[in-house]
There are 4 protein chains.
Amino acid sequence: MAGVDQETPRHRRTDPDRRDRIIDAALELIATEGVAGISHRKIAAAADVPLGSMTYHFAGMEELLREAFARFATSVSDQIDRRMDAAHDRDSAVDALVEHIEEDIFGSPRELVLTHELYTLAARRPEYRALTAAWMTKSRTSLERYFDPTTTRLLDALVEGLTIHRALDTAPPPPGLAREAVVRILGSTGAERPSS
Amino acid sequence: MAGVDQETPRHRRTDPDRRDRIIDAALELIATEGVAGISHRKIAAAADVPLGSMTYHFAGMEELLREAFARFATSVSDQIDRRMDAAHDRDSAVDALVEHIEEDIFGSPRELVLTHELYTLAARRPEYRALTAAWMTKSRTSLERYFDPTTTRLLDALVEGLTIHRALDTAPPPPGLAREAVVRILGSTGAERPSS
Amino acid sequence: MAGVDQETPRHRRTDPDRRDRIIDAALELIATEGVAGISHRKIAAAADVPLGSMTYHFAGMEELLREAFARFATSVSDQIDRRMDAAHDRDSAVDALVEHIEEDIFGSPRELVLTHELYTLAARRPEYRALTAAWMTKSRTSLERYFDPTTTRLLDALVEGLTIHRALDTAPPPPGLAREAVVRILGSTGAERPSS
Amino acid sequence: MAGVDQETPRHRRTDPDRRDRIIDAALELIATEGVAGISHRKIAAAADVPLGSMTYHFAGMEELLREAFARFATSVSDQIDRRMDAAHDRDSAVDALVEHIEEDIFGSPRELVLTHELYTLAARRPEYRALTAAWMTKSRTSLERYFDPTTTRLLDALVEGLTIHRALDTAPPPPGLAREAVVRILGSTGAERPSS
DNA sequence: AATGAATGAGACTTCATTCAT
DNA sequence: AATGAATGAAGTCTCATTCAT
C-alpha cells in the first residue's frame, strides 16, 4: 500500500498526507497571525497545496478550524499527562506540576497563543467547548493518580490561573510562587512535603 | 429636492459622542462576532456613522481595537474593586470573592468573551499586555486591603483559573468549590474562618 | 431568471486574451489620462473585465505598469528599426532619420505622451531604466548599420532632443532643421551627401 | 512690517509665506513621489499648514501644480543662463555647455525627475507647454550670445538629447562625447576649437 | 480670512467560493 | 478526484472637497 508510488498507478490515489499538512499549516499560521489573520490562501501557500485543495478537503474554514484545534487540544493535553506519567509519587507529582506551570507554557509562545485562541473560540461556541472540556477531563484524570478529586480540580484551576497570569503580566512573578500555591491547595491533605 | 429629508440635517456636523459611540459599537460587535469577525463597515453600521468616519476618528483598526479593549479592561477591573470596596472585613471579602467567581463572569457571556479576546491579543502583543497587566495590578490592589501580597497573588490566580474552567467546561463544577479553594489558599494565615 | 442573459454565458471562464487586453487598455488609458490618472477600476472598465481580474492577473498596479511599458518600449523601438531596415544606403538612412524626427513622434500624441510617461518613471526607478536602456541599445544597433558608433550615439541623442523640442515648443521649428542637424553631426565623415 | 508679530495685531493679516511654503513643499514632494503620488494631505503635512489651507489658497490641485512647475521652470532655466553669463567668449561658452551637459542635470536627481514630470504634463496639456516653450526660449536667448540662431537651436536640442540619454541609460556614455557633439554641431562655423 | 471636522467616493487588495476541466 | 482560473463581495484606507465656525 504505502510506498508504491513509483509504478504509475492508473488512478493516483488521494494523497493521505495532504489533509494533515493543511491542518498543521493552519495551526502554525494561527499561532503566528491569529484566527483573525488566516485565510485559505495563506494556509494553502504554507502547506504548499493548491488553493483549490482547501475547499475540496474541508467544507469550509469552519471545519478546518475545528480539526486544527482538535489536534492542538489533544497534543497539548498529552503534556501534563506525560509529566504526571513520569512522576512516581505525590512528591514528584508536585514537582512536576510546578515545573509545568513555570516552564511548559511560558516556554512556548506558540502554545500560549494557541491556547488563548481556542479559549476565545470556546467562550463563544459550544463546539469548541467540547474540546476544552475534554482537555480538562484529561488533565484531571492525570492528576487524580496522585490527588483526590477536589484537590485535583483546585490544582487544575490553579495551574490555569498561574499560567495565564504569568503570561499576561509584564513583570515576572515572585520566585517560588507556584510551589507555595500548590502547597496551600494541598494543605494538610495527605502527605505533606517538607519545605523543599 | 427629491425625498423627504427636511427633518434630518443634510450634514450632521457636530456629534461629539461620535468617537465614543464607535468604540462602544466595536466592543459590542467584538462580543458578538469576535475580533476575527469585525470590520470597519460593520462597526460603522452598528454605530450609525458613515464609513469614512472610521478612519477619520481612528488611525486604523488597530487603534480602535486598542481603545476598545482599554475601555473594557478598565470597566471590568472596576468590578472586583467595587466588590472589595463593599466588603468591610476579611470574612465578607471572602464572600465577595466567591460571589465574584460564581456570578460576575459566568453571568455575562459578553464579558467572558471579551476577556478571552483580550487575552488572546495580549498573548501575542505587548501593547495589550499593558492592559492586562494594569488590570491585574488593580485587582491585586483591591484584594490587598484584606490579604497579604502573596495570598493576594494566589487568590487572584485562583479566581482566574476557576472562572475560566467554569466557563470552558461543559458540566458545572461541584457546588462549594470556589469557597473551598479560597479557604485552602487562605490556609492558617490570619483570621480563622471555620469550614463553611 | 430575471433579465435577458441567455445569449451571454453566465461565467466567461476561458478568455486567454484577457491579460493582453488589460495591458492594452492600461496603455491606452495612460496615454489619455497619464500614469497619475489611472486606476484598477478604470482599466478594468476599459478592458471590459471584472475588477477582481486586475489583481488576479497582475500582482499589483506596479506589475501591470511595468508590463505595459515594456510592451510600449518594444513596439516603439521597432519603429526606427523598420525605418533603418527600409533604407538601403547611407543617403536613404539620412532621409529616413529626418522623416523619423519630423513625423513619427509628432505625428502621434499617443506615443509622445507615453514616451514621456516612461521617461518620468525611468528617471526615478531603475526597473524602468532597464526598458529605456534596451530601447536605446536597439536604436543604436539600427543606426550602426550605416554609421560609426560615435556618430550613431550623437545622431541618437540628436533625434531625441529635436523630437522633444518639437513636441514641447509652441511654435514649429524652422523647416529643414532636422536635416541640417544630421548633416552637421555627420560632418565630413564618410560620404559627402550634396545639399539635397 | 516684517518682524512685528509680537504685538498681537488685531487681525492676523494673511501669512504671505504660506503660499510659497506650500508650493515648495509640493515641488519637493513631486520630486520624491511623482505627480502620481502627491495629495493635498501630504503637501499640507510637508508644508506644515492645515489641510484646510490647501483649497483656500489654491482653487484645486491643478492650480497648485501649475504654479509649482512655473517656479521650477523658471529656476532651472536660470541655470544655463548663469553658465552662459559666466562665459566670456565662444570657447568658454563651449566649455560651459559641456559642463552643463555632464554635470548640471545628472548631478541632481531632483531636477532630472522634475524635468520629466513637467515634460510629461506638457506633452499632454498646452498650459504646461507654455512653460516649456518659455524655458526653451530663455535657453536659446542665453546661447545666442555666442552662437547664431540655427546653431543655437541645434545645440539646445543636442543638450537635451545627450542629457536625457545620459540619465536614462544604465551605462555611462564614452568620455568626451559631449564635447565631440558640440564640436560637430559647430562645424566650421566661426572659430573652431582645437581638440582639447 | 482661515480652518478643523467631517464625509462620500473611490483607491488597491484579499478573500472564499464556484466551475470547467 | 482534484485543481487552476476566475470573480463578486468586502476588506482597509486615502482622498478632495464642503461646511460651520
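Each chain gets a letter, A, B and so on, in the order the sequences are listed, and its residues count up from 1. None of the values given here were measured: they were computed from a predicted structure.
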- Item | Side chains of B:R110 and B:L27 in contact at under 4.5 Å (non-hydrogen atoms) | yes
- Query: Just how far, in rounded Å, is P of E:dA6 from CZ of B:R19?
  - Reply: 11 Å
- Rounded to the Å, how far apart are A:H57 NE2 and E:dA16 C1'? 17 Å
- Quick one: A:E33 CD to E:dT14 P, roughly how many Å, whole number? 13 Å
- Task: For side chain to side chain contact (heavy atoms under 4.5 Å, CB included), just list the numbers for B:L64 and B:I23, CA-CA rounded to whole Å, side-chain angles, deciding distance to a tenth of an Å, and then say yes or no.
- Result: CA-CA 7 Å; B:L64 171 52; B:I23 293 176; 4.1 Å; yes
- Message: Keeping D:R129 on the side-chain end and D:Y119 on the backbone end, is there a donor-acceptor pair under 3.5 Å?
- Response: no
- In terms of the nearest nucleotide of DNA chain E, which residue is placed more toward the 5' end: A:G52 or C:G60? C:G60
Check: residues 42-56 of chain A side-chain donor-acceptor pairs under 3.5 Å, at least two apart:
residue	atom	partner	partner atom	Å
A:K42	NZ	A:E33	OE1	3.1
A:K42	NZ	A:G37	O	2.6
A:S53	OG	A:R18	NH1	3.1

- Query: Once Watson-Crick and G-U wobble pairs under 3.5 Å are found, how is DNA chain E written in dot-bracket notation, 5' to 3', with | for any base paired to another strand?
  - Reply: .||||||||||||||||||||
- Taking the side chain of B:L51 as its heavy atoms from C-beta onward, which of F:dC13, E:dA6, F:dC15 lies nearest to it? F:dC13
- When you get a sec, tell me which of E:dT7, E:dC12, E:dC15 is the closest nucleotide to the side chain of B:S53? E:dT7
- Heavy-atom closest contact (A:F69 atom, A:E117 atom, distance): CZ-CB, 3.7 Å
- Message: Expressed as a whole number of angstroms, how long is the span from B:L29:CG to F:dG11:P?
- Response: 11 Å
- Note on the structure: In whole angstroms, the gap separating C1' of F:dC15 from NE2 of D:H40 amounts to 10 Å
- Does the base of F:dA6 carry an N or O that pairs as donor and acceptor with the side chain of C:R18 under 3.5 Å? no
- Any idea which of E:dA16, F:dC13, F:dT7 is nearest the A:M61 side chain? E:dA16
- Message: Whole angstroms only, please: what is the CZ-P distance between C:R21 and F:dA6?
- Response: 11 Å
- Not counting sequence neighbours, list each pair that qualifies as a salt bridge (charged side-chain N to carboxylate O under 4.0 Å, His left out) and has a residue in residues 55-65 of chain B. B:E62-B:R66, B:E62-B:R125
- Message: Exactly one of D:L29, D:L65, D:L118 should register a side-chain contact (heavy atoms from CB on, under 4.5 Å) with D:V35. Which one does?
- Response: D:L65
- Item | Value in whole Å for how far the C1' atom of F:dA10 lies from CD1 of B:I43 | 14 Å
- Rounded to whole Å, the CZ-P distance (B:R41 to E:dA9) equals 12 Å
- Message: At less than 4.0 Å, is any side-chain N or O atom of A:Y56 found next to OP1 or OP2 of F:dA2? Yes or no.
- Response: yes
- Message: Need one value for C:T55: base, sugar-phosphate or nothing, where a base atom within 4.0 Å counts as base even if backbone is also close, heavy atoms only.
- Response: base
